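To start, the structure under review is shown below, and the notes come after it.
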Amino acid sequence: MKIKQAVIPVAGKGTRFLPATKEIPKEMIPIIDIPMIHYIVQEAIDSGIEQIVFVNSSHKESIENYFDRNYALEKFLEANNKHKELELIQKIGNLVEIVSVRQKEQLGLGHAILATDRLIGKNNFAVLLGDDLIKGAEPCTKQLMKVSETYGDRPVIGIMDVPKDDVSKYGIIDGTFMEGDKQTVLMKDMIEKPLPSKTPTTWATPGRYILSSDIFEYLKRIKRGAGDEYQLTDAINLMCKSGPVYAHFFTGRRYDTGNIFGYFEATLNFALADLRLKNYASDLIKKLAKDL
Ligand code: G1P
């Protein structure tokens, strides 16, 4: 089954990036000169997604505007012979179809996903959370789509191994490896942010999911969970008890850009991979390191 829609929740307040997020949505903060949300949307497009569904809240229209055309700016660039820049911003305005729904109250990730119920209908869909950037030879979402197809179009959750002390930041899964597939696990349980002393495994999701539309039924059934919020994890936990749900160890390097440390690490690494900045960045790092 070809998956055409990706849900990207962007309604959060971004308090870990205050004061910048007082006026700018966290998703619009750039790594070098590209907003973080652009990388997430690009991963979806590179995985074959044709429509992005943002779950948005008030005062965050700039995310939708970014992916729209800006005719005034285009006219200005044209009049000033800035053809390269014109081409660049036109391309972003035509990247992909964007639709959005409003999450009127912030009651958790499960609540945000449930808001897309009518837009998704009966289709399988991808979910990408914006706090993690994953860079690899093949987009993470594409890898999960392939696993889903292999196992009868069933849901697949992207996972990675994390240090035990970090499990309480994530949805953690438990299960057993599939025969002959060392990267894929048949899920038995999914627990939101367990204590390190209580966790069954250290297999964590950084927020990449392939889901089937019956998730909405489970989302309607769950009660408030960790953090007193409606958790997507709790709905997936119910779902994996009624039919096969898989978790897959994706390949690729992941940056936790949801906090300033991961954001800084991503910025340094992206500069070192950027042809315009590569030499400058490595010379600068060496120079600064000498003075430490
Ligand atoms: C959310 C999910 C969690 C997941 C994490 C990945 O938590 O609830 O299961 O592991 O994203 O970033 P949050 O970080 O929004 O608290």
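Keep in mind the model is a prediction, meaning the values are calculated, not measured. Both counts, for ligands and for their atoms, begin at 1 and track the order of listing. Heavy-atom basis, side chains included; hydrogens, waters and symmetry copies ignored.
- Residues passing the ring-ring contact (aromatic ring centres under 6.0 Å, His included) test with Tyr218: none are found, sequence neighbours excluded.
- By the 30° and 60° cut-offs, the orientation of the rings of Phe270 relative to Tyr39 is perpendicular.
- Between the side chains of Glu61 and Asn65, no donor-acceptor pair of N or O atoms lies under 3.5 Å.
- Judged purely by distance below 3.5 Å, without hydrogens or angles, the side chains of Gln103 and His111 pair a donor atom with an acceptor atom.
- No more than 12 heavy atoms of other residues, nucleotides or ligands sit less than 6.0 Å from atom NZ of Lys290.
- Heavy atoms of Ala204 stay at 4.0 angstrom or farther from ligand 1.
- The shortest N or O to N or O distance between Tyr170 and ligand 1 is not below 3.5 Å.
- Taking distance alone, with nitrogen or oxygen atoms compared against 3.5 Å, Gly171 approaches ligand 1 more closely than that limit.
- Between Leu129 and ligand 1 there is a heavy-atom distance shorter than 4.0 Å.
- Of the protein's heavy atoms, at least one falls inside 4.0 Å of atom 8 (O) of ligand 1.
- For atom 16 (O) of ligand 1, the choice among Arg208, Lys193, Lys169 with the nearest heavy atom turns out to be Lys193.
- Polar contact with ligand 1: present for Asp132 (N/O pair, distance under 3.5 Å).
- Contacts of Tyr170 classified as ring-ring contact (aromatic ring centres under 6.0 Å, His included), with partners at least two apart in sequence or in another chain: none.
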